[in-house]
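Counting starts at 1 for both ligands and their atoms, in listed order. A quick note: this is a predicted structure, and the numbers were derived from the prediction, not measured. Along the sequence shown, residues are numbered consecutively beginning with 1.
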Amino acid sequence: MTAKIISGTETARQIREELKQEIASLKEKHNLVPGLATVLVGADPASQVYVGAKEKTSKELGIYSERYDIPAETTQAELLARIDRLNKDPKIHGILVQLPLPKHIKETDILYAIDPKKDVDGFHPVNVGKLMIGEADYLPCTPHGIQQLLIRSGIEIDGAEVVILGRSNIVGKPIANILLQKKEGANATVTVCHTGTRDIKFHTRRADILIVAAGRPKAVTADMVKEGVVVIDVGVNRIGKTPEGKSILVGDVDFEAVKEKAKAITPVPGGVGPMTITMLMLNTVKAAKIAAGLI
Ligand code: GUN
């Protein structure tokens, strides 16, 4: 079997088209323009690329955007003051503070300071708690993107054995929670593997859907999966540069070997990545509608 390639680029394009129309209609019918503020502390090159892409996509869809580039030496108090101003600004419906933050800033203090109604990343404990009980307003962007990719690719999630590699707060834990809910596009049996798991292969070989956010290239090889598995690769590893100086990206899965056994697989790049940004746009539109009392 050679796998169908699940294109995040194409699915993201479809969702963005839907959002563009919705944003135009919100402007026309309600004079409402969703607003997103992105905050980047320091100059990490990967974070600069991500924030740049978020800003660019906002503009393309008709979302009002403000970007704050703050020096790495900023104090926690200064950053909290910026968040406080954004919390109070009625033009801004969503606030995104790019992670990771410099070591001298306590990440949880910053995430807790964002108004939960403007927390379009879904990282505030109020929103994490709401996700646990199936009441979330904002699903975290990467996990939500994964769920949408599966649904829109016609993959059956209900009753599936889903195995997740990685237990981060950004991907592993929230995707486990999302797919566990007794809801449409969920209702799976979920196993989360991590660095303390004794026999990873025992679990991965049972997976109907394998979601990999392990953080290293070739964490999943062909011998670790069963024939007909659906593989979602969340990894982004820079393994070198092309002669032209562009980063060479690979995921966490040995793509060439695993695609020969899988039913469907996401590529890197062009898989989960474009979906993450698109779900941020979706959450920003939702935040604007909530703020305006439309939902
Ligand atoms: N860093 C890596 N992924 C993310 C994300 O989804 N949101 C934010 N804010 N920072 C990140």
Side-chain angles (χ1 to χ4, degrees), residues 8 12 15 36-58 63 65-70 72 74 79-80 82-83 86-87 92-103 105-116 118-128 131 136-149 164 166-178 211-216 232-238 247 249 251-252 268-269 271-284 286-287:
I15 300 174
L36 174 68
T38 53
V39 180
L40 174 61
V41 185
D44 174 64
S47 291
Q48 279 179 329
V49 171
Y50 294 139
V51 171
K54 288 165 186 178
E55 205 192 3
K56 178 167 168 271
T57 311
S58 303
I63 291 174
S65 92
E66 287 181 8
R67 171 170 171 169
Y68 294 91
D69 282 279
I70 298 177
T74 195
L79 185 55
L80 288 170
R82 166 59 59 202
I83 290 170
L86 294 170
N87 279 341
I92 298 300
H93 304 103
I95 302 169
L96 178 130
V97 178
Q98 187 67 27
L99 304 178
L101 290 166
K103 293 270 178 295
I105 293 175
K106 198 169 168 218
E107 197 170 283
T108 44
D109 284 357
I110 302 303
L111 297 179
Y112 294 7
I114 297 172
D115 181 344
K118 297 193 177 190
D119 171 37
V120 284
D121 254 329
F123 292 165
H124 191 285
V126 164
N127 290 321
V128 175
L131 167 57
D137 292 318
Y138 308 116
L139 294 175
C141 302
T142 300
H144 192 194
I146 293 169
Q147 185 194 32
Q148 281 299 314
L149 257 188
I164 298 162
R167 60 177 153 190
S168 71
N169 291 333
I170 294 182
V171 182
K173 284 181 204 158
I175 190 63
N177 262 305
I178 290 171
I211 300 172
V212 189
R216 61 191 162 84
I232 303 290
D233 188 349
V234 193
V236 183
N237 303 291
R238 289 173 173 77
S247 289
L249 293 186
D252 290 350
V268 177
V272 173
M275 293 298 292
T276 296
I277 298 176
T278 303
M279 294 302 117
L280 176 69
M281 304 297 125
L282 186 132
N283 280 348
T284 304
K286 190 167 185 192

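At least one heavy atom of Phe123 sits closer than 4.0 Å to an atom of ligand 1.
What sits closest to atom 11 (C) of ligand 1 on the protein, heavy atoms only, is Gln98 NE2, 3.4 Å. Here the protein heavy atom with the shortest distance to atom 10 (N) of ligand 1 is Leu99 N, 3.0 Å. Looking at atom 7 (N) of ligand 1, its nearest protein heavy atom turns out to be Asp121 OD1, 3.1 Å.
Between Val128 and Phe123 the shortest heavy-atom distance is CG2-O, 3.7 Å. Of all heavy-atom pairs between Val272 and Asp233, the closest is CG2-O, 3.7 Å. Among all heavy-atom pairs drawn from Gly215 and Asp252, the shortest one is N-OD2, 2.8 Å.
If you look at Leu96 next to ligand 1, the close heavy atoms, those under 4.0 Å, all belong to the side chain.
A side-chain contact (heavy atoms from CB on, under 4.5 Å) with Val39 holds for exactly one of Val51, Asp69, Leu79, Ile114; it is Leu79. Of the candidates Leu280, Ile95, Thr57, Leu36 forms a side-chain contact (heavy atoms from CB on, under 4.5 Å) with just one, namely Leu280.
Every N/O-N/O distance between Cys141 and ligand 1 stays at or above 3.5 Å.
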